[in-house]
Each structure stands twice: as C-alpha cells, then as structure tokens.
Amino acid sequence: MELQDPAAGDAPSNEYDARTIEAQAQAYWNETRCFEADDAAAAANGDGKFYCLSMFMYPSGQMHMGHVRCYTLGDVIARYNRLKGKNVLQPVGWDAFGLPAENAAIQRNVPPAKWTYENIDTMRAQFKRLGFAIDWSREFATCDPGYYRWEQWMFNRLFRKGLVERKTTVVNWDPVDQTVLANEQVENGRGWRSGALIERREMPQWTLKITAYADELLDELDRMDGWPENVRAMQRNWIGRSHGVEIRFDVRGEGVAEGEQLAVYTTRPDTFMGCTYVAVAAEHPLAQLASERDPELAAFREACRQVKAAEEELATMEKLGRATDLVAIHPLTGAELPVYVANFVLMEYGSGAVMAVPGHDQRDWEFARKYDLPIVQVVAPKDESDEACDIDAAAYVSKDGVLVNSGPFDGLAFEAGFDAIAEALVAKGAGERQTNYRLRDWGVSRQRYWGCPIPMILCPTCGPVPVPDDQLPVELPTDVTFKGVSSPLKGPDFAEWRKVCCPECGGEAERETDTFDTFMESSWYYARYACADNDEVMLDARARHWCPVDQYVGGIEHAVLHLLYSRFYHKLLRDEGLVVGDEPFKRLLLLGMVNKDGKKMSKSAGNVVTPDELVDQFGADATRTFMMFGAPPDQTVEWSSSGVEGSVRFLKRLHGQATELMAGGAVPALEAGTLDEGLKTLRRKAHATVAKADDDFGRRQAFNTVVSAVMELSNEIGRCADDSPAGRAVRHEALTLATLVLSPIAPHLCHALWNLLGHAGALVDARWPEVDDSALARESVQLVVQVNGKVRSRVEAPAGADEDTVKAIALAEANVQRFMEGKTVRKVIHVPDRLLNIVVGG
RNA sequence: GCCGGAGUGGUGGAACUGGUAGACGCGCCGGAUUCAAAAUCCGGUCCCCGCAAGGGGGUGUGGGUUCGAUUCCCACCUCCGGCACCA
C-alpha cells in the first residue's frame with residue numbers, strides 16, 4: 001500500500017494526502033515557534049507548568065523504532081497537557097559522548113566530534129518528520145563544552161565536599177573497549193557495549209559517594225507512586241540494604257599483634273552459637289600475614305588473584321579454601337575457631353570476612369563437608385510436624401525455628417535470638433549492629449577519549465588537585481588521530497597537553513587523562529534544558545521553576561543505571577541549592593520494545609524498519625497512530641505493516657467524513673434540545689468519547705484505547721446518514737470532538753481538520769473540550785436480566801428506574817419466566833441501569 | 001534461589017470500582033462495485049448443539065469466597081524481566 005504522490009498522479013484534491021497535510025502543519029509550527037516554552041509563565045505559575053521529557057538519544061546516525069515509540073508517547077502526553085491548558089516544556093538533546101564515536105574514528109578515520117555532529121544533523125532531520133511538539137531553542141549536545149564545563153565545575157565542588165574520592169579498587173575491566181565499567185554496566189559478566197568477558201583488575205579511579213545517599217535513595221522509593229512498581233523493586237534490589245551485626249573476634253597466632261581483631265558481618269547473628277570456623281577473602285590482611293610463612297597458602301592466594309573470571313562464573317565456581325595457622329576466639333564461648341582463606345569471600349562486601357555456620361548456611365555446609373569441619377545444629381524446627389530438618393543432609397536455613405545448643409539463648413525464635421545475641425556481643429564490646437548495602441560507590445573514570453575530561457591535576461607533591469574554576473572547561477581536544485584503541489590523550493601527541501603546573505604548589509604536574517562515564521552527562525541534562533542558554537551558571541532559577549520533570553518517558557534498560565544515577569545526582573544538585581525538591585522525575589513511563597516477527601527489531605535479526613521509510617510510505621500520523629494503537633505503552637508492541645495500513649484507513653475515513661460534511665456547505669448551529677433518538681445517540685457517543693479519552697490520556701495513560709474510542713466514534717458518525725440541518729450539526733460537533741481528542745496522536749491531520757471544519761485559529765491553541773453532561777444523559781437504558789447469575793434476557797427500562805420497576809419489566813419476559821417456573825424467588829440483586837439478578841431456588 | 005510482571009478468539013489487544021467476556025484493529029469468509037484487479041463499501045467471524053428461538057461450554061490448571069469472578073483469596077503450571085558467592 002502506497003500513499004499517492006501528488007506530484008506523480010492526478011489525485012483528487014479532497015483525498016487524504018498525508019504528505020501535503022504533514023508538510024503544511026509542520027511549516028505552521030515552525031513559523032509560529034508555538035512550541036517554545038514560556039519561562040516567565042513557569043516562574044509565575046508553578047502549578048500550570050508541565051515538563052514532559054523523553055530520554056535523550058545517542059546520536060548513532062539512525063533513528064530506530066524505539067525512538068519513534070518513546071518520542072511519540074512523550075509527544076502525546078505533552079500535546080494532551082497543552083490542550084488541557086498547561087504551560088508545556090518538551091525539549092530534546094543529544095547524549096553525545098560514548099564509545100561508538102571512537103570506534104568510527106578507529107575504523108574509518110573520522111574524528112569523533114565530526115562523526116557525532118554529522119549524525120546529530122541526520123537524526124534531527126529524521127526526527128523532525130514525525131512532527132513532535134518540541135522546543136528546539138533549548139537543544140544541546142552533551143559534548144558541547146558549554147554543557148560539560150558545568151559537570152566539571154560540579155565535580156570540583158563535590159571533591160571539596162568530600163563526595164568524590166580517588167580509590168584504588170578492584171574494578172570491572174573490559175578488555176575489548178579497554179576501559180573500566182561500573183557494576184551497573186556489566187551484564188551477565190560481560191561488558192554492556194562490547195559483550196566482552198569482564199576481568200577483575202585493581203586500578204585507581206574516581207568515585208562518587210552514592211553510598212552516602214543509599215538510605216535516602218531507598219526510602220524515597222516507597223513514596224514515588226508515579227513510578228512503576230517493577231522499577232522501584234529493581235532499585236531496591238540494587239541498593240540491597242541489609243541489617244545485621246558486625247562481630248569482632250580476637251585473633252591468635254604467630255605474628256598477630258596483641259589486641260588484633262577480625263571483623264565479620266552477618267545477617268544471622270541468631271545462629272552465632274553454631275559458628276565453627278571463620279573465612280577471610282584472599283586479599284584480606286590476615287590472609288596476607290598467614291601466607292608469609294606458608295608457601296602453599298601464598299600460591300592459593302595468588303591463584304585467587306589471577307582469576308579474571310566474570311562474576312557470573314565466580315558464582316558457580318568451585319568453592320575452595322585453605323586453612324591458616326591462625327585461630328579466632330569465639331567472643332561468647334571462648335572457643336578457638338580455625339581461620340580459613342576462601343575464594344568465595346568478597347573483599348568488597350562487609351569486612352572481607354565471614355563467620356561460618358555450616359548447620360544453617362548451605363554454602364558454609366558444603367565447605368565444612370569438603371574440609372571436614374564440624375557442623376553444629378543451633379536452630380531446630382518449632383515442632384516435630386514442621387518440615388524435616390536433617391543437618392547431615394543439608395543446612396537448615398529456615399528462620400522459623402527456635403534456638404537449641406545455644407546456651408542461654410535456647411528456645412528463642414529468630415528475632416528474639418537476633419536481638420539477644422546482638423546485645424550480648426555489644427555488652428562484651430565484641431560487636432555492633434550494622435547496616436550494609438550491596439550498592440557500591442559509583443566509579444566514574446573511563447580510560448577512553450570521547451568523554452568529558454575529568455578536571456583534575458595529579459601532582460606528585462600535592463596529590464590530586466582540581467583544575468581551578470576559572471580555568472574551566474578543560475576542553476577535550478577534538479583534532480585527534482587514533483593509533484589503536486587507546487585514548488589519544490594518553491599518547492605521545494598529547495604529551496604537552498598533559499603537562500601542567502600544579503595550581504597549589506606550582507610544580508610540574510600531569511593532567512588526568514581519563515574521562516567521565518557518560519552517565520555523568522545524562523544525570524543532570526533534564527535540569528539544564530531549563531536554562532541551556534546560560535553560560536554564567538550551571539543552573540539558574542528557571543531550573544527551580546521547571547523541575548521536577550512531570551513526565552519522564554524512556555526505556556526499561558535504564559531502570560537501575562540512568563534512573564538511579566539521576567536520582568542521586570539530583571540530590572547532589574539539591575544539596576548545592578541548584579534545584580529544589582528531592583526527586584527529578586515525578587511520573588515515569590517505561591515503554592516496552594518494538595518487535596517485528598516476534599523478535600526485537602535489530603540489524604542482526606534483519607527485521608529493521610526505519611522511521612524514514614514509514615513516514616514515506618504511510619505518513620507520520622499513521623505511523624504514530626499505529627504505534628499508540630498496537631499495545632499499551634509498557635508492553636512490547638508487535639510492528640505490523642497491515643496494522644499501519646489499518647491506521648491509514650482510519651485517518652483517511654475521518655478525513656473523508658469531514659470533507660464530505662463540509663462539501664455540503666455551511667453547517668447550522670446545533671440545537672441540542674430538539675434532536676431525535678438517532679442524533680442523540682451520536683451526540684452521546686461523541687461526548688462519552690471525550691470523557692473516556694480524558695481519563696485514558698491523563699490518569700490511565702492507555703493511549704491504545706483512546707485510538708479505539710475515536711475509531712468507534714468515527715464508525716458511529718459513518719452510521720449516521722442524517723443530512724438534515726440538525727444531523728449535519730451533530731456530525732460537525734462529533735467530528736470536531738474527534739479531531740480534538742485524536743490531535744495528540746495524529747497532530748498533522750487534526751491540524752488540517754480543525755480548519756477544514758471551519759474553526760478559527762490553529763488547533764495548537766485550542767483547549768480540551770468540555771463534556772456536555774446533558775448529552776450523556778439517556779431516557780432509557782438496556783439492563784441485563786439474570787436468573788441465578790445467568791443472562792436470560794435484556795430489557796429496556798427508564799434510566800434510573802428503581803428495583804420494583806425493573807423487576808416488573810423483567811418478570812414479563814418469557815425467557816425469564818421459563819427459568820423461574822415452579823421456583824421461589826430467594827433474592828433479587830439490582831445494580832441500577834446495569835443488571836437485575838433474580839436468585840431462585842427450590 | 002529471591003524479587004517484580006504476565007497468561008483472554010486465527011492474531012494485536014478491550015473489559016478501569018466484582019456486574020452483558022472478546023470492544024477496536026488485523027486476518028479470514030461472503031456480498032456489492034469493476035471487463036478484471038487494486039482501492040472502497042456492506043454483512044459475518046470464540047467453540048459445541050439447533051432451521052430458528054434458544055441452550056450448553058469458555059479468560060493457563062485446581063480449589064475457595066460471592067447472587068455473580070478475566071477481576072478478590074489459596075495452591076500449582078508456564079512464560080517474560082531483574083537480581084544472585086552480598087555473608
């Protein structure tokens with residue numbers, strides 16, 4: 001199916017011609033700049049503002065259907081809110097730093113900056129064809145120095161506040177992309193971009209103390225009712241707060257200093273009396289100490305260190321350990337417990353050591369079996385009938401039992417046991433209650449070129465020193481040539497660039513050559529749109545007026561990455577007084593994928609449909625309409641070309657109905673009081689459609705049912721053949737309402753229909769229609785009559801009729817009588833205007 | 001293993017607060033129009049019995065609550081997504 005090309009054929013001028021209609025509407029929007037948001041109004045009336053944002057795009061060079069879906073959803077919400085009289089801001093920009101630009105540079109010898117800006121131009125052109133209501137005056141790319149300078153400025157403030165640290169830690173190293181990745185960027189042990197198996201390496205890197213905000217980030221989630229539950233659950237999971245006890249053991253053995261202690265973290269202090277050994281990580285200082293006199297242990301530690309395996313493999317790897325000649329003293333019993341070095345203990349979590357209770361932890365149990373360590377049962381099922389507990393077969397991990405073999409703690413249940421043992425440890429000075437998190441500080445150093453330079457100077461005498469604010473931005477040199485995968489900034493061409501004087505001591509120092517993780521840019525871009533033109537400050541009062549984003553739209557893949565970092569960064573900005581409010585995104589809509597032939601659209605699957613070809617073939621409105629109609633926003637939508645053709649047919653029919661009506665000349669005024677039943681029905685449908693669509697757009701965000709509601713209305717209009725003045729007036733009203741309701745979804749056609757129907761001004765300046773309640777009212781309604789819950793008849797009754805009236809009508813029905821024959825009425829349930837259920841028995 | 005979500009015609013989905021299951025679209029079948037086709041328009045389309053009126057069954061499975069359950073509760077199955085050596 002092809003739209004007719006007006007240049008190629010002699011299409012009648014009153015046919016629906018998407019190409020012309022869309023070009024005209026877009027020209028109008030561009031010329032009037034009607035989507036440029038009003039800062040002054042946002043400042044004057046905070047309640048009237050509506051900030052609608054779709055996650056910005058990476059300029060890969062090609063827009064894909066995911067972008068179309070995301071931006072169409074955002075645009076529908078933005079346009080609906082404009083109709084509702086809100087002062088709407090909907091900007092776009094480009095998430096422009098990142099690896100693909102470097103890969104292009106390496107493979108094709110194009111400088112990353114040039115590649116990026118050219119891609120932005122290509123994509124902007126594709127993007128504009130879809131007719132989004134965007135304020136283009138605020139557009140920026142994150143690789144603009146005018147943008148990233150503020151990121152550098154903020155970083156330095158955070159450094160001075162102590163929220164930035166340079167730490168040498170075990171990091172995720174991507175051997176293909178030659179860079180460190182954050183935990184959030186490792187998927188199944190592989191780099192999220194390269195797919196390469198991640199190695200563990202020790203490296204100095206810059207980190208942001210997101211853990212300092214862990215509690216706030218977690219607790220706030222409970223109050224964020226504009227966010228989908230699954231995303232909140234994922235973030236809770238990711239932060240992973242647990243409550244437990246830190247227990248300190250005295251340690252004895254050769255070379256152990258007097259008073260030296262070994263700390264472990266446990267969430268099961270209730271089982272502490274069953275602890276039969278302790279295990280430390282290979283990197284733990286005690287492991288180091290013991291290995292100095294034990295070559296085999298030293299070899300074991302070395303083997304652990306050499307493991308470059310992915311975390312996924314670590315989880316399934318054989319649990320190995322080695323005994324040391326050290327002992328730990330159980331603080332409550334005084335027992336001497338052996339200290340093991342074990343490959344499964346993580347130095348990064350807790351204190352890098354664990355107490356082992358093989359009776360009640362499966363991993364400890366397996367380890368104890370393997371190395372022939374004692375297994376003691378300290379928890380027993382509450383009563384015999386409970387689930388079997390055979391400590392010789394497996395650990396008993398249930399928290400439902402009671403303590404046994406635990407001296408003074410015998411008989412206590414989980415919580416009481418937890419508290420009693422925690423208190424006993426505190427009283428002895430051998431422990432404290434502690435909260436732990438799975439969340440780690442955010443490592444932001446990347447060893448790549450195409451990113452925001454980290455504004456730091458490494459001085460051999462003063463250590464790391466921030467580049468003074470008046471020397472910002474540290475501009476990323478763009479005239480570069482790549483020699484291999486490594487950043488040119490680290491190569492000989494930039495030896496001079498790297499050499500600087502230390503701002504503190506004046507001595508010779510080196511610039512940091514790492515760049516920021518690109519999630520740094522995307523963590524605050526939403527706020528910058530409010531004042532993108534300000535080159536004096538990072539954020540001005542306008543950011544306080546426009547933020548938070550009222551509606552954020554994007555992909556589920558960012559559920560923990562971008563959406564957690566932004567929440568964190570927003571709190572950092574808040575604490576600097578740059579924004580107000582605790583959260584950046586009030587309401588969040590995460591969309592499902594776009595599939596074709598049951599598979600995700602991708603180059604490798606060979607099923608890619610490009611937005612350009614769709615707009616050429618079907619028009620922007622039909623593309624947008626099908627995108628909204630195919631499935632609810634959060635579900636996967638199956639792209640179907642016959643489905644889009646259905647949308648074309650629908651738009652064509654609506655256009656035809658309006659054209660035909662207006663061809664009949666001037667439409668008389670509507671006299672609502674004097675309509676016959678048929679016209680009343682059409683009017684009722686029209687106003688019911690407005691009411692339903694209002695709820696669907698605003699509260700439910702069910703845009704698929706908005707489309708079907710307007711389709712139903714159009715079908716109803718088609719059924720009305722009344723060409724009398726009253727008939728034409730009612731159809732005119734119905735078409736006007738259909739146009740308004742559909743306009744957020746198919747804005748070009750509706751722009752044209754608005755004027756075609758004779759309305760003055762432009763549709764973008766129109767307001768959402770008022771529902772005429774009298775149009776919804778009806779004299780009689782159809783009710784369902786059930787006998788014993790089964791539908792036996794449908795009857796007509798006056799609207800609002802009481803039970804007796806409806807009952808009288810229902811009992812007159814032959815089929816109702818048939819099923820009541822010889823039985824007594826036990827009960828009658830009457831749902832006014834809907835249903836009557838007669839319950840009979842006997 | 002833990003957490004979150006979903007199972008409805010040939011198909012995408014609708015049924016929002018427990019009240020006519022299958023709206024709307026796609027596909028398919030039949031008809032009109034056409035020399036013919038495309039496009040368009042009209043009618044039909046959950047399954048079974050019946051000429052019909054009507055009846056019976058039906059929302060992953062099994063139970064429960066209720067006058068009434070796709071909707072609420074319990075158990076289970078399947079699928080999707082996330083997390084997972086986290087002590």
Side-chain angles (χ1 to χ4, degrees), chain A residues 1 4 187 228-238 240-242 244 264-268 278-279 311-317 319 342-346 348-357 361-364 367 397 436-440 556-557 559-560 592 595 625-626 629-632 634-647 649-650 652-653 656 692 695-696 699-700 702 704-715 718 782-794 814-815 818-819 826-831 834-841:
Chain A
M1 174 160 168
Q4 294 185 29
E187 295 169 351
E229 186 46 50
N230 60 340
V231 177
R232 291 192 276 168
M234 279 160 78
Q235 292 207 353
R236 277 189 201 105
N237 211 320
W238 191 267
R241 181 164 66 192
S242 72
V264 304
Y265 172 75
T266 180
T267 53
R268 290 296 304 273
V278 295
E311 294 213 12
E312 185 193 27
E313 283 175 44
L314 285 176
T316 50
M317 220 166 65
K319 309 296 179 278
N343 67 348
F344 61 83
V345 180
L346 304 172
E348 308 88 277
Y349 187 79
S351 56
V354 295
M355 71 174 204
V357 182
D361 180 283
Q362 191 57 28
R363 193 185 50 204
D364 294 347
F367 194 85
V397 297
N436 247 309
Y437 303 88
R438 208 190 76 100
L439 183 73
R440 309 287 159 76
I556 185 77
E557 67 274 19
V560 279
N595 278 12
T625 301
F626 180 72
F629 181 59
D634 54 346
Q635 276 178 42
T636 298
V637 67
E638 179 75 19
W639 188 261
S640 126
S641 53
S642 51
V644 206
E645 284 168 19
S647 292
R649 266 197 287 277
F650 161 57
K652 210 180 249 189
R653 189 172 63 226
K692 182 192 166 47
D695 191 44
D696 284 356
R699 181 182 62 89
R700 298 212 308 149
N704 52 331
T705 51
V706 171
V707 178
S708 46
V710 180
M711 283 173 170
E712 283 182 52
L713 176 55
S714 173
N715 290 345
Q782 198 187 58
L783 285 95
V784 165
V785 182
Q786 298 181 336
V787 179
N788 284 351
K790 289 198 182 279
V791 180
R792 295 305 175 192
S793 182
R794 290 173 177 84
N815 205 44
R818 213 179 113 200
F819 285 91
R826 308 242 156 165
K827 201 173 178 182
V828 175
I829 286 105
H830 177 231
V831 183
R834 301 208 72 151
L835 152 149
L836 187 81
N837 186 11
I838 303 166
V839 184
V840 296

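Lettering of chains follows the sequences in order, A, B, ..., and the numbering in each one begins at 1.
Distance noted for atom P between G13(B) and C73(B): 24 Å (whole Å). Using atom C1' as the reference point in both G50(B) and U33(B), the two lie 36 Å apart (nearest Å). Across G22(B) and C3(B), the matching P atoms stand 37 Å from one another, rounded to whole Å. Distance noted for atom C1' between A39(B) and C47(B): 35 Å (whole Å). Rounded to whole Å, the C1' atom of A23(B) lies 15 Å from the corresponding atom of U45(B). If you take atom C1' in G9(B) and the same atom in A21(B), they sit 11 Å apart, rounded to whole Å. A distance of about 15 Å separates the C1' atoms of G18(B) and G64(B), rounded to the whole Å. When the P atom is compared between A69(B) and G57(B), the two are found 12 Å apart, to the nearest whole Å.
Remark: G62(B) base-pairs with C74(B). Criterion, Watson-Crick or G-U wobble with two distances under 3.5 Å. With a cut-off of 3.5 Å on both pairing distances, A36(B) has no Watson-Crick or G-U wobble partner at all. Of all nucleotides present, none satisfies the Watson-Crick or G-U wobble test against G9(B) with each distance under 3.5 Å. The base-pairing partner of A23(B), taking Watson-Crick or G-U wobble contacts with both distances under 3.5 Å, does not exist among the strands shown. Remark: C16(B) base-pairs with no nucleotide; criterion is Watson-Crick or G-U wobble with both hydrogen-bond distances under 3.5 Å. Taking a pair to require two hydrogen-bonding distances under 3.5 Å in either a Watson-Crick or a G-U wobble arrangement, C2(B) pairs with G82(B). Partner assigned to C41(B) is G31(B), using Watson-Crick or G-U wobble distances below 3.5 angstrom.
Taking the side chain of Met234(A) as heavy atoms from C-beta on, and the options C86(B), U20(B), G82(B), the nearest nucleotide is G82(B). With distances taken from any side-chain atom of Ile829(A) to the nucleotides G19(B), G55(B), C24(B), the minimum falls on G19(B). For Ser708(A), the listed nucleotide lying nearest its side chain is C24(B); candidates were G4(B), A87(B), C24(B). Closest contact between the side chain of Glu712(A) and the listed nucleotides A23(B), C3(B), C85(B) involves A23(B). Of all nucleotides listed (A87(B), C26(B), C83(B)), A87(B) comes nearest to the side chain of Arg363(A). When the nucleotides G54(B), C3(B), A21(B) are ranked by their closest atom to the side chain of Arg818(A), G54(B) comes out on top. When distances run from any side-chain atom of Val345(A) to the nucleotides G4(B), C3(B), A87(B), the shortest one goes to A87(B).
Phosphate proximity of C24(B) to Arg649(A): absent, as no side-chain N or O sits under 4.0 Å from OP1 or OP2. Distances shown here put a side-chain N or O of Asn815(A) below 4.0 Å from the OP1 or OP2 atom of G55(B). Considering only side-chain N and O atoms, Arg241(A) lies nowhere under 4.0 angstrom from the phosphate OP1 or OP2 of C86(B). Not one side-chain nitrogen or oxygen of Tyr265(A) sits closer than 4.0 Å to the OP1 or OP2 atom of A87(B). Between Lys790(A) and G19(B) there is no side-chain N or O to OP1 or OP2 distance below 4.0 Å. Look at Arg438(A) and you won't find any side-chain N or O under 4.0 angstrom from OP1 or OP2 of C83(B).
Across all strands shown, Val710(A) has no heavy atoms under 4.0 Å from either base or sugar-phosphate atoms. Within the 4.0 angstrom heavy-atom criterion, only backbone atoms of the sugar-phosphate kind lie near Asn715(A); the bases stay farther away. Gly646(A) comes within 4.0 angstrom of sugar-phosphate atoms only, judged by non-hydrogen atoms across all strands, and of no base. At a threshold of 4.0 angstrom between heavy atoms, the contacts of Phe367(A) with the nucleic acid are absent.
Following rounding to the nearest Å, Arg268(A) (CZ) and A87(B) (C1') show an atom-to-atom distance of 11 Å. Atoms CZ (Arg440(A)) and P (C85(B)) sit 10 Å apart, rounded to a whole Å. Met711(A) has its CE atom 11 Å from the P atom of C24(B), to the nearest Å. If you take CD1 of Ile556(A) and P of C83(B), they are 11 Å apart, rounded to a whole angstrom. The interatomic distance linking Phe344(A) (CZ) with A84(B) (P) rounds to 18 Å, in whole Å. The nearest whole Å value for the distance from the CD atom in Gln362(A) to the C1' atom in C86(B) is 17 Å. In this structure, CD of Glu229(A) is placed 8 Å from P of G4(B), rounded to the nearest angstrom. If you take CZ of Arg794(A) and C1' of A53(B), they are 14 Å apart, rounded to a whole angstrom.
With hydrogens and angles ignored, the 3.5 Å screen pairs a side-chain donor or acceptor of Arg268(A) with a backbone N or O of Val397(A). A side-chain donor-acceptor contact under 3.5 Å links Asn837(A) to the backbone of Gly789(A).
Glycosidic conformation at G56(B) (O4'-C1'-N9-C4 for purines, O4'-C1'-N1-C2 for pyrimidines): anti, more than 90° from 0.
When each of Val839(A) and Ser647(A) is assigned the nucleotide of RNA chain B with its nearest heavy atom, Ser647(A) is the one assigned upstream, toward the 5' end. Each of Val231(A) and Tyr437(A) was assigned the nucleotide of RNA chain B with the nearest heavy atom; the assignment lying further toward the 5' end belongs to Val231(A).
The heavy-atom pair separating Ala559(A) from Gln235(A) by the smallest distance is O-NE2, 2.9 Å. The minimum heavy-atom distance between Gly244(A) and Tyr265(A), with the atom names listed, is N-OH, 3.3 Å. Shortest non-hydrogen contact noted between Phe626(A) and Trp639(A) is CD2-CZ3, 3.5 Å.
Side-chain atoms of Asn837(A) and base atoms of C67(B) include a donor and an acceptor less than 3.5 Å apart.
Salt-bridge check for Glu229(A) with Arg236(A): passed, with a basic side-chain N closer than 4.0 Å to an acidic carboxylate O.
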(request) Evaluate ring pair (Phe, Tyr, Trp, His ring centres under 6.0 Å) for Phe650(A) paired with Phe629(A), printing each intermediate quantity in order. (result) CA-CA 12 Å; Phe650(A) 161 57; Phe629(A) 181 59; 8.1 Å; no
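The shortest distance between side-chain heavy atoms of Leu783(A) and Val831(A) does not fall below 4.5 Å.
Partners of Arg794(A) according to the side-chain hydrogen bond (donor to acceptor under 3.5 Å, both in side chains) rule, which considers only residues two or more places apart in sequence or in another chain, do not exist here.
For the residue pair Asn237(A) and Arg438(A), no side-chain donor N or O sits within less than 3.5 Å of a side-chain acceptor on the partner.
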(message) For a quick check, with a 4.0 angstrom heavy-atom cut-off, what is the B/S/- contact string for nucleotides 8-17 of chain B, read 5' to 3'?
(response) ----BSSSB-
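Expressed to the nearest 0.5 Å, how far CD1 of Ile838(A) lies from NZ of Lys790(A) amounts to 15.5 Å. Between Arg826(A) atom CZ and Asn788(A) atom CG the span is 9.5 Å, to the nearest 0.5 Å.
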